[in-house]
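Written below as structure tokens is the structure these notes are about.
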Amino acid sequence: MDKLVINSLDQALYQAMVIINGAEHIVWKNEKTTLLTRNLTEMREHFEHFDIPEIVLRHESAYDEMIGSEPKKNSNRLEVPLGKNPYALPKHLH
């Protein structure tokens, strides 16, 4: 895995994607369901044992489409880098 992308979909709904050799892949929980959480830390915990060089939180706004405007030609994608450890302190110190 080259990069973990945590998509912020809607009011605290997160979906995981991984980038492997330049291609994005959705992470599946099982054969029928993609991996979704309502908690960013919980999503990050699913991947804490993997050595992933880059982790980002991604948000893309549908604001223009929601208000009836034409979608912009340029992307409004925002990616915020996240640290590798989902906790400020190791778990045993909490």
Side-chain angles (χ1 to χ4, degrees):
M1 287 184 277
D2 303 320
K3 182 178 182 179
L4 169 62
V5 176
I6 302 173
N7 280 319
S8 174
L9 299 176
D10 183 41
Q11 299 180 1
L13 181 62
Y14 301 98
Q15 178 185 49
M17 297 179 66
V18 292
I19 298 178
I20 301 171
N21 296 326
E24 289 189 4
H25 304 275
I26 294 177
V27 177
W28 290 80
K29 184 176 181 177
N30 56 45
E31 291 179 4
K32 298 178 183 179
T33 311
T34 60
L35 179 61
L36 295 171
T37 67
R38 292 247 175 227
N39 182 297
L40 180 59
T41 301
E42 180 184 343
M43 179 61 81
R44 295 177 71 191
E45 286 174 346
H46 285 284
F47 298 91
E48 67 183 342
H49 297 293
F50 296 98
D51 185 25
I52 304 171
E54 186 177 6
I55 302 170
V56 298
L57 176 64
R58 178 186 288 172
H59 179 74
E60 296 182 69
S61 175
Y63 177 77
D64 292 327
E65 294 132 28
M66 291 188 314
I67 62 167
S69 297
E70 290 290 321
K72 292 189 171 135
K73 292 181 185 356
N74 295 331
S75 173
N76 64 2
R77 178 181 288 175
L78 173 66
E79 287 191 358
V80 178
L82 300 175
K84 292 183 181 186
N85 186 344
Y87 303 98
L89 297 172
K91 282 183 182 179
H92 69 279
L93 297 177
H94 283 270

Report task. For L13 and R38, run side-chain contact (heavy atoms from CB on, under 4.5 Å): C-alpha distance rounded to whole Å, both residues' side-chain angles, the deciding distance at 0.1 Å, then the answer. Result -> CA-CA 5 Å; L13 181 62; R38 292 247 175 227; 3.8 Å; yes
Query - Residues which pass side-chain contact (heavy atoms from CB on, under 4.5 Å) with D51, listed by chain and number, not counting sequence neighbours - result: K84
Query raised in the report: Do W28 and I19 belong to the same hydrophobic cluster, where Ile, Leu, Val, Met, Phe, Trp and Tyr are linked whenever their side-chain heavy atoms lie under 4.5 Å apart, directly or via other members?
Result: yes
Query - Under the side chain to side chain donor-acceptor pair (under 3.5 Å) test, residues paired with E79 that sit two or more places apart - result: K3, R58
Report task. May I ask you to decide if T41's main-chain N or O and N39's side chain share a donor-acceptor pair within less than 3.5 Å? Result -> yes
Query raised in the report: To the nearest 0.5 Å, what is the distance between CD (E60) and CG (N7)?
Result: 7.0 Å
Report summary line: Smallest heavy-atom separation, N30 atom then T33 atom, equals OD1-N, 2.9 Å
Report task. Walk me through it: do L36 and K29 pass the test side-chain contact (heavy atoms from CB on, under 4.5 Å)? Result -> CA-CA 8 Å; L36 295 171; K29 184 176 181 177; over 6 Å; no
Requested in this report: State yes or no: do V5 and M43 share one hydrophobic cluster built from I, L, V, M, F, W and Y residues joined by side-chain heavy-atom distances below 4.5 Å, directly or via other members?
Outcome: no
Report task. Kindly work out whether a path of hydrophobic side-chain contacts (I/L/V/M/F/W/Y, heavy atoms less than 4.5 Å apart) joins V56 to I20. Result -> no
**Report entry** Validation row: L4, E54 side chains within 4.5 angstrom (heavy atoms)
**Finding:** no
Report task. Taking all non-hydrogen atoms of both residues into account, name the closest pair between D2 and P53 and its distance. Result -> O-CG, 3.3 Å
Report task. Any chance you could lay out the side-chain contact (heavy atoms from CB on, under 4.5 Å) test for F47 and I6, step after step, and finish with the verdict? Result -> CA-CA 11 Å; F47 298 91; I6 302 173; 5.9 Å; no
Query raised in the report: Listed by chain and number, what are the side chain to side chain donor-acceptor pair (under 3.5 Å) partners of D10, not counting sequence neighbours?
Result: none
Query raised in the report: Got a second to check how far R44's CZ is from L82's CG, nearest 0.5 Å?
Result: 4.5 Å
Query raised in the report: Is there a side-chain contact between V18 and F50 (heavy atoms, below 4.5 Å)?
Result: no
Query raised in the report: Are any of the side-chain heavy atoms of H46 and V27 separated by less than 4.5 Å?
Result: no
**Report entry** E24 to M17 - nearest heavy-atom pair and separation
**Finding:** OE1-CE, 2.9 Å
